[in-house]
Amino acid sequence: MLDDNFKEYLNDEFGRIFPENQNKYRELFKRLGFGMINHDFVEFWSTYSDEIYGKIGYLVDLAMDLEDFSSSQTKILRKNIGLPDNYFSLLNNELDDYVLYDKNTDEVFYVEAPTIQKFIENKQFRQTIGITLSIFIKDYLNYNA
């Protein structure tokens, strides 16, 4: 869960998306099959969606990217490398590595480019994040409460 101090930090750093757009993005995530397990993920990206710079580069402005799903990074990865439907790409495609969100488990994974096929085939990878978005995004932004 996104705690109040962290939300205040996000409000200061990124600002909030206009309420009408927040509702539009919540509906978008619902249409894409996100449910209760993804509550914090949906709230974060519906409220603060922006291109976010952190430890390993830029996270894509996810809600905006998914608005036109047919040209989204996630759709392109599904087509080009066989990314399973439960994963969504978070890292800007200018980088070779991947930050993937599993909507079935609410986990975030960092996968180095050379190991992406092993990850897709049997979820095998060298460096694991394997944590929820709340934990990931705080770490990614070097947030210390």
Side-chain angles (χ1 to χ4, degrees), residues 1-11 13-17 19 21-93 95-113 115-145:
M1 179 177 224
L2 300 177
D3 59 75
D4 290 336
N5 289 339
F6 187 56
K7 287 179 186 177
E8 188 174 310
Y9 166 80
L10 292 170
N11 288 336
E13 287 293 312
F14 303 108
R16 297 169 75 94
I17 295 172
N21 287 339
Q22 290 180 31
N23 291 332
K24 177 178 76 170
Y25 290 145
R26 285 184 190 98
E27 285 300 314
L28 169 69
F29 285 112
K30 188 176 179 181
R31 283 193 313 273
L32 291 171
F34 288 80
M36 285 306 298
I37 190 173
N38 315 110
H39 176 75
D40 286 345
F41 182 88
V42 169
E43 282 306 303
F44 177 81
W45 288 110
S46 296
T47 307
Y48 304 104
S49 190
D50 199 352
E51 190 173 74
I52 300 170
Y53 184 76
K55 284 183 172 183
I56 55 177
Y58 283 98
L59 296 180
V60 68
D61 185 341
L62 186 65
M64 185 176 258
D65 184 52
L66 294 176
E67 276 188 291
D68 181 7
F69 189 76
S70 64
S71 65
S72 70
Q73 287 187 157
T74 297
K75 180 68 174 182
I76 291 166
L77 290 176
R78 289 179 182 176
K79 179 182 175 189
N80 293 338
I81 66 170
L83 186 70
D85 289 347
N86 54 306
Y87 292 104
F88 287 78
S89 176
L90 305 181
L91 196 59
N92 188 299
N93 65 358
L95 301 169
D96 291 334
D97 297 330
Y98 303 88
V99 173
L100 303 172
Y101 176 75
D102 184 340
K103 77 173 182 177
N104 293 345
T105 64
D106 190 44
E107 291 177 294
V108 178
F109 298 93
Y110 172 73
V111 183
E112 294 172 329
T115 62
I116 190 64
Q117 285 307 317
K118 287 182 181 177
F119 178 81
I120 289 170
E121 291 166 12
N122 56 19
K123 216 174 187 179
Q124 184 181 49
F125 47 98
R126 244 180 31 202
Q127 183 176 356
T128 181
I129 295 174
I131 52 177
T132 65
L133 178 82
S134 307
I135 296 167
F136 166 75
I137 201 68
K138 286 178 182 179
D139 181 62
Y140 193 78
L141 296 171
N142 289 317
Y143 173 79
N144 295 312

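Since the model is a prediction, treat every value here as computed from it, not as a measurement. Each residue takes its place number in the sequence, starting with 1.
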Once you round to the nearest 0.5 Å, how far does CD1 of I137 lie from CG of L90? 8.0 Å
Atom pair CD (E43) and CZ (R26), whose distance is rounded to the nearest 0.5 Å: 4.0 Å
Can you confirm whether F29 sits close enough to L62 that some side-chain heavy atom of one is under 4.5 Å from a side-chain heavy atom of the other? yes
What's the spacing between D40 CG and I135 CD1 if we round to 0.5 Å? 10.0 Å
I need the minimum non-hydrogen distance between V99 and I56, along with the two atoms involved. CG2-CD1, 3.6 Å
Any donor-acceptor N/O pair, Q117 side chain to I81 backbone, under 3.5 Å: yes
Nearest 0.5 Å please: distance from the NZ atom of K138 over to the CG atom of L133. 10.5 Å
If every non-hydrogen atom of L91 is compared with every non-hydrogen atom of G57, which pair is closest and at what distance? CD1-C, 4.5 Å
Exactly one of I17, T47, L66 should register a side chain to side chain contact (heavy atoms under 4.5 Å, CB included) with Y25. Which one does? I17
Restricting to side chain to side chain donor-acceptor pair (under 3.5 Å), what partner residues turn up for N21, sequence neighbours left out? none
Face-on cation placement of K103 at F34 ring, 6.0 Å and 45° thresholds: yes
Please tell me if the side chains of L10 and I52 come closer than 4.5 Å, counting only heavy atoms from C-beta onward. no
d(K75 NZ, F88 CZ) to nearest 0.5 Å is 10.5 Å
Closest non-hydrogen contact found for L83 with R78 is O-CG, 3.2 Å
Exercise: identify the closest heavy-atom pair between D106 and F41: OD1-CB, 4.4 Å
Which word best sums up how the rings of F6 and Y9 line up, parallel for under 30°, tilted for 30 to 60°, or perpendicular for over 60°? parallel
Donor-acceptor pair, side chain of N38 and main chain of G35, under 3.5 angstrom: yes
Looking at D61, is its backbone amide N or carbonyl O close enough to the side chain of D65 to form a donor-acceptor pair, meaning the two atoms are under 3.5 Å apart? no
Would Y101 and T74 satisfy side chain to side chain contact (heavy atoms under 4.5 Å, CB included), going step by step from the backbone distance to the final call? CA-CA 10 Å; Y101 176 75; T74 297; over 6 Å; no
Return the CG to CG distance between N142 and N144, rounded to the nearest 0.5 Å. 7.0 Å
Minimum heavy-atom separation for L2 and S134, please, with both atom names. CD2-OG, 4.0 Å
Could you tell me if the side chain of Y48 sits less than 4.5 Å from the side chain of R16, heavy atoms only? yes
So, for F119 and Y87, is the gap between ring centers shorter than 6.0 Å? yes
Compare all side-chain heavy atoms of F69 with those of L32 and state whether any distance is below 4.5 angstrom. yes
Are Y143 and N5 linked by a side-chain donor-acceptor pair shorter than 3.5 Å? no
What closest approach, in Å, do L28 and E67 show between heavy atoms, and which atom pair accounts for it? CD2-N, 3.9 Å
Heavy-atom distance under 4.5 Å between the side chains of V108 and Y140, does that happen here? no
D85: partners by side chain to side chain donor-acceptor pair (under 3.5 Å), with sequence neighbours left out: none
Measure the shortest side-chain to side-chain distance between I76 and S71 over non-hydrogen atoms and say whether it is less than 4.5 angstrom. no
